Amino acid sequence: MTALVVPDRAWFTRDVHVVAYDLLGALLTRRTSQGAVTLRITEVEAYAGPADPGSHAFRGETARNRTMFGEPGRVYVYRHLGLHHCMNVVCSPPGEASAVLLRAGEVVEGVDLARARRAAAGVTRADVDLARGPARLTVALAVDRDDDGTDVTDPEGALVLRVPAEARDDRRVATGPRVGVSGDGGRADLFPWRAWLDGDPTVSAYRAAGPRRRRR
DNA sequence: GGTACGATTGTCT
DNA sequence: GACAATCGTACCT
């Protein structure tokens with residue numbers, strides 16, 4: 001059993017692919033007045049800043065994505081389709097805006113609380129689905145836009161990440177194209193930046209980005 | 001000031 | 001497998 005440590009800012013200030021890879025299997029704990037929910041991260045996607053057509057940072061810094069352009073180790077939370085929230089961790093120095101999207105995880109602590117949050121959202125599901133998908137993940141953790149900018153390197157914070165102290169890699173990691181990203185000009189093969197723990201039941205189902213139909 | 005559209009999900013067929 | 005839900009943001013006029 002390897003000891004767990006809270007990574008520092010330097011840990012996040014590395015190549016976005018390396019951070020994404022190292023986030024797999026890491027534990028993310030969410031503390032609220034209701035209690036704690038801990039997630040074992042099983043699926044992530046890398047977004048490489050303004051040079052990456054699939055990234056929100058592609059069109060430069062705006063009020064929405066300001067957090068991505070800020071300090072590494074903070075979470076960037078955005079609202080999608082007016083319904084869901086998705087959560088990223090910034091992993092580049094200020095100005096570079098690289099981030100890793102947390103797509104799925106396994107609830108390893110606080111299952112009852114996560115289950116209650118899903119029920120409150122009007123859906124009852126198998127436990128394996130509690131954080132299976134980026135928006136479900138934020139529901140399980142009760143993360144929303146208000147949590148944008150939270151520092152996960154603060155051991156006393158509302159969101160804390162923990163990773164193995166020693167690199168002991170017995171994980172089976174698979175990689176593939178990102179899900180639902182159409183901003184890559186149809187060249188998803190150039191951006192095979194999704195990574196997941198191979199065979200893990202909590203990994204979300206892959207859906208290729210469909211051809212975008214123009215609306216009338 | 002208007003409009004197109006999305007790093008998704010749940011439900012229905 | 002298709003599609004609606006639903007609203008903030010970016011981009012255009």
Side-chain angles (χ1 to χ4, degrees), chain A residues 16-17 19-21 23-24 28 39 41-69 74-92 96-105 107 114-115 117-149 175-196 202-216:
Chain A
V16 65
H17 297 91
V19 177
Y21 188 92
L23 280 171
L24 291 174
L28 180 67
L39 211 64
I41 298 169
T42 58
E43 182 184 356
V44 297
E45 273 178 14
Y47 286 86
D52 176 358
S55 172
H56 286 175
F58 183 56
R59 297 180 198 281
E61 181 174 345
T62 65
R64 171 177 62 149
N65 63 26
R66 193 171 307 285
T67 304
M68 266 206 290
F69 285 84
R74 293 183 183 273
V75 296
Y76 163 53
V77 181
Y78 67 94
R79 203 156 168 64
H80 184 54
L81 289 177
L83 296 170
H84 315 291
H85 294 280
C86 295
M87 175 180 179
N88 304 248
V89 183
V90 180
C91 55
S92 58
E96 293 188 21
S98 292
V100 175
L101 170 69
L102 306 184
R103 285 196 56 87
V107 178
R115 212 182 272 147
R117 284 171 176 158
R118 276 228 65 79
V123 183
T124 51
R125 288 253 168 185
D127 287 350
V128 73
D129 286 336
L130 283 174
R132 186 171 183 258
R136 295 174 190 167
L137 183 148
T138 60
V139 170
L141 297 182
V143 163
D144 62 23
R145 184 73 177 148
D146 291 340
D147 297 290
D148 185 59
T175 60
R178 289 182 294 197
V179 177
V181 173
S182 59
D184 57 15
R187 302 299 304 278
D189 53 315
L190 290 178
F191 303 98
W193 292 344
R194 185 168 75 110
W196 63 94
T202 64
V203 171
S204 66
Y206 174 67
R207 296 188 192 186
R212 298 294 177 209
R213 209 182 24 186
R214 274 194 89 82
R215 221 159 45 170
R216 288 165 305 192

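The structure presented is a predicted model; accordingly, all values stated were derived computationally and were not measured. Below, read A as the first sequence line, B as the second, and so on, with proteins coming before strands; counting in each chain starts at 1.
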Taking the side chain as C-beta and beyond, is there a heavy-atom pair between A/V179 and A/R194 under 4.5 Å?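 Side-chain contact under 4.5 Å: yes.
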For the residue pair A/Y76 and A/N65, establish whether any side-chain heavy-atom pair is separated by less than 4.5 Å.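 They are in side-chain contact.
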Measure the acute angle between the ring planes of A/H80 and A/Y78, then classify it against the limits of 30° and 60° as parallel, tilted or perpendicular.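 Answer is perpendicular, since the angle exceeds 60°.
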Atom [atom1] of [X] and atom [atom2] of [N]: how far apart are they, to the nearest Å?
X: A/R66; N: C/dA10; atom1: CZ; atom2: P; result: 10 Å
X: A/N88; N: B/dG6; atom1: CG; atom2: P; result: 18 Å
X: A/E45; N: B/dT8; atom1: CD; atom2: P; result: 7 Å
X: A/H85; N: C/dA5; atom1: NE2; atom2: P; result: 20 Å
X: A/R64; N: B/dC5; atom1: CZ; atom2: P; result: 15 Å
X: A/L101; N: B/dT8; atom1: CG; atom2: C1'; result: 11 Å
X: A/H84; N: C/dT6; atom1: NE2; atom2: P; result: 10 Å
X: A/E61; N: C/dC11; atom1: CD; atom2: P; result: 14 Å

Can a side chain N or O of [X] be found less than 4.0 Å away from OP1 or OP2 on [N]?
X: A/H56; N: B/dA7; result: yes
X: A/R194; N: B/dA7; result: no
X: A/R132; N: B/dT8; result: no
X: A/R136; N: B/dG10; result: yes
X: A/T62; N: C/dA10; result: yes
X: A/R59; N: C/dC11; result: yes

Given [options], which nucleotide is nearest the side-chain atoms of [X]?
X: A/R79; options: C/dC7, C/dT9, B/dG10; value: C/dC7
X: A/Y78; options: C/dA5, B/dT11, B/dA7; value: B/dA7
X: A/V123; options: C/dG8, B/dG10, B/dT8; value: B/dG10
X: A/L81; options: B/dT11, C/dA5, C/dA10; value: C/dA5

The single option from A/R136, A/R115, A/R132, A/R118 passing salt bridge (charged side-chain N to carboxylate O under 4.0 Å, His left out) against A/D127: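 Single salt bridge (charged side-chain N to carboxylate O under 4.0 Å, His left out) partner of A/D127 among A/R136, A/R115, A/R132, A/R118: A/R115.
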Euclidean distance for C1', B/dC5 against C/dC3 (whole angstrom):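 16 Å, rounded to whole Å.
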Search all heavy atoms of A/E43 against all heavy atoms of A/L24 and return the closest pair with its distance.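 Heavy atoms of A/E43 and A/L24 come nearest at N-CD2, 3.7 Å.
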Identified pairing partner of B/dA7, criterion: Watson-Crick or G-U wobble below 3.5 Å: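 Its partner: none found.
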Counter-base of C/dT6, judged by Watson-Crick or G-U geometry with both distances under 3.5 Å: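 Base-paired to nothing in any strand shown.
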Strictly below 4.0 Å, N to O, side chains only: are A/E45 and A/R178 in salt-bridge contact?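 The answer is no: the pair does not qualify as a salt bridge.
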So which one's nearest nucleotide on DNA chain C is more toward 5', A/H80 or A/N65?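 Residue closer to the 5' terminus by nearest nucleotide: A/H80.
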Aromatic ring of A/Y47 stacked on base six-ring of B/dA7, 5.5 Å, 30°: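 One would call A/Y47 stacked on the B/dA7 base.
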